Amino acid sequence: MSAESTPDPGIPGNAGTNGARHRGKGKRRKPQRRRKGLMITAWTAAGIVVLGGAGAGYLYFTLNGNLKSVDIDQALGTDRPKKADNGSENILVLGSDTRSGGNKKLGGGTDDGSARSDTAMIVHVYKGHKKASVVSIPRDTLIDRPSCTDTKGNEHPAAHSAMFNSAYSTGGAACAVKTVESITDLRMDHYLEVDFAGFQKLIDDLGGVEITTTKSIDDPDSHLKLKAGTHTLDGRQALGLVRTRHGVGDGSDLGRIQLQQAFIKALVNQIKDVGVFSNPKKLLDLAETATKTVTADSDLGSVNKLASFANGLKGISPSNMHMITMPVAYDPADPNRVLLQKKKADQIWKALENDKPIPKSATSGSATGEAKGVVSAP
């Protein structure tokens with residue numbers, strides 16, 4: 001399946017007002033001193049620090065050996081936005097939709113062995129690590145993808161009006177980070193990636209996640225069928241929910257994002273109440289799965305670093321997470337694609353650059369997926 005030419009059923013909507021265009025380098029930020037997408041990984045990693053006892057050394061080396069990392073800084077070099085000096089951090093969180101290996105049987109796409117960024121979120125952690133803003137980037141957004149060099153040293157040319165998720169499938173994590181930085185002119189301080197199979201097992205190890213649906217959901221593509229009401233989703237159902245797009249709303253990726261955001265809040269809300277940190281067996285299972293599931297940037301590429309980083313984010317509750325979607329409009333030339341509303345988006349990037357709340361005007365009038373309120377925590 002080509003990441004740039006996979007049509008979905010027509011999506012109704014208004015014509016775009018601002019097409020995708022290359023963002024100039026703009027103002028660079030001053031040097032810095034110093035997360036939450038699929039926050040289960042962070043919470044699990046944070047729990048590793050409470051695992052003491054005689055087996056801690058063996059456990060550390062086992063878990064450390066599970067982690068995969070990618071050197072984003074080496075791949076991108078110095079031609080990047082500068083780090084902030086205001087105590088905030090930006091993390092790019094990707095959900096990988098590879099159909100190979102353990103993900104092959106999970107459905108929802110062509111099994112061509114490739115991988116795409118099915119889910120992309122910019123997580124801005126404010127100074128003090130008590131609040132966060134999460135900006136979801138629709139995978140179907142047409143953007144100007146910059147030229148990039150992947151972590152193996154292979155060069156990839158720039159592309160005009162390419163789907164956002166083509167950046168990852170073209171040049172991997174490094175190209176995805178460079179593309180996000182070219183759109184936002186914000187430095188991504190960290191990178192975290194979670195794959196399908198790992199996400200499913202994490203939810204099962206957690207014991208499921210309870211959600212309430214206001215409408216029935218039936219999506220044969222994601223293998224999800226739920227009646228309206230309260231459910232405790234197992235891993236396969238949870239994966240189906242965060243990937244469904246045709247079972248509810250207008251069938252767009254924007255609707256899927258709304259479901260993802262609601263599920264993440266339910267997940268974070270539940271983690272604090274399931275006794276993970278008082279149950280060593282559950283904690284170990286989660287830590288084992290999480291470290292096998294996540295790929296991090298090299299700065300977070302060890303258990304100690306990831307745990308320390310995640311431990312500093314425990315104060316961010318769902319009520320202190322502001323979740324939005326990057327403002328877009330449906331492409332009048334192709335209702336299966338969306339275009340960046342640049343002026344509105346610039347309000348978001350400016351607010352985050354200055355560690356300020358995102359103004360409501362930044363998302364007012366943006367295209368939505370008509371799935372808001374369908375899923376919530378019970």
Side-chain angles (χ1 to χ4, degrees), residues 36-48 63 66-68 93-109 111 115-119 121 192-213 216-227 229-248 256-277 279 281-295 310 318 374-378:
K36 167 86 200 65
L38 297 171
M39 199 64 159
I40 175 65
T41 300
W43 274 91
T44 303
I48 296 169
L63 297 179
N66 291 341
L67 279 171
K68 299 181 290 292
V93 180
L94 293 186
S96 169
D97 74 340
T98 177
R99 265 70 180 188
S100 61
N103 294 328
K104 181 190 278 187
K105 298 180 180 180
L106 302 182
D111 178 18
R116 285 163 289 272
S117 52
D118 195 55
T119 301
M121 298 176 177
L192 289 171
E193 178 186 328
V194 179
D195 74 3
F196 276 173
F199 175 83
Q200 175 172 316
K201 192 171 188 310
L202 280 170
I203 300 303
D204 285 335
D205 288 348
L206 185 63
V209 175
E210 191 172 356
I211 57 105
T212 296
T213 60
S216 295
I217 301 175
D218 187 356
D219 187 349
D221 289 337
S222 66
H223 312 304
L224 180 67
K225 190 171 184 177
L226 296 173
K227 293 182 179 180
T230 298
H231 310 270
T232 298
L233 304 184
D234 62 19
R236 182 172 288 274
Q237 291 172 314
L239 180 60
L241 179 65
V242 299
R243 294 180 53 230
T244 194
R245 64 186 291 173
H246 303 303
V248 67
R256 173 166 56 186
I257 286 173
Q258 290 173 320
L259 297 177
Q260 290 172 350
Q261 292 173 343
F263 178 81
I264 288 170
K265 285 202 170 187
L267 173 60
V268 177
N269 195 48
Q270 182 170 331
I271 289 173
K272 296 182 178 182
D273 300 325
V274 296
V276 168
F277 299 112
N279 186 331
K281 175 62 168 64
K282 177 173 284 190
L283 179 57
L284 179 57
D285 288 343
L286 283 165
E288 177 78 5
T289 301
T291 51
K292 287 181 177 179
T293 297
V294 68
T295 298
V374 173
V375 171
S376 64

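These numbers come from a predicted model, not from an experiment.
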Where is the tightest heavy-atom contact between [X] and [Y], given as atom of each residue plus distance?
X	Y	value
Ala266	Glu210	CB-O, 4.0 Å
Ile203	Leu233	CG2-O, 3.8 Å
Ala287	Thr291	O-OG1, 2.8 Å
Gly235	Asp204	N-OD1, 2.7 Å
Lys227	Ser216	CA-OG, 3.6 Å
Arg256	Thr244	CB-O, 3.2 Å

From [X] atom [atom1] to [Y] atom [atom2], the distance as rounded to the nearest 0.5 Å:
X	Y	atom1	atom2	value
Leu226	Leu224	CG	CG	4.0 Å
Leu286	Lys201	CG	NZ	8.5 Å
Gln237	Leu241	CD	CG	9.5 Å
His223	Leu239	NE2	CG	9.5 Å

Main-chain N/O of Ala377 paired to Thr212 side chain as donor or acceptor, under 3.5 Å = no
Can you tell me if NZ on Lys225 sees more than 12 non-hydrogen neighbours from other groups inside 6.0 Å?
-> no
Walk me through it: do Ile264 and Met121 pass the test side chain to side chain contact (heavy atoms under 4.5 Å, CB included)?
-> CA-CA 12 Å; Ile264 288 170; Met121 298 176 177; 3.1 Å; yes
Apply the side chain to side chain contact (heavy atoms under 4.5 Å, CB included) test between Phe199 and each candidate in Thr293, Thr119, Val242, Thr289; give the one that qualifies.
-> Val242
Stepwise side chain to side chain contact (heavy atoms under 4.5 Å, CB included) check, Leu192 with Val294 | CA-CA 7 Å; Leu192 289 171; Val294 68; 3.8 Å; yes
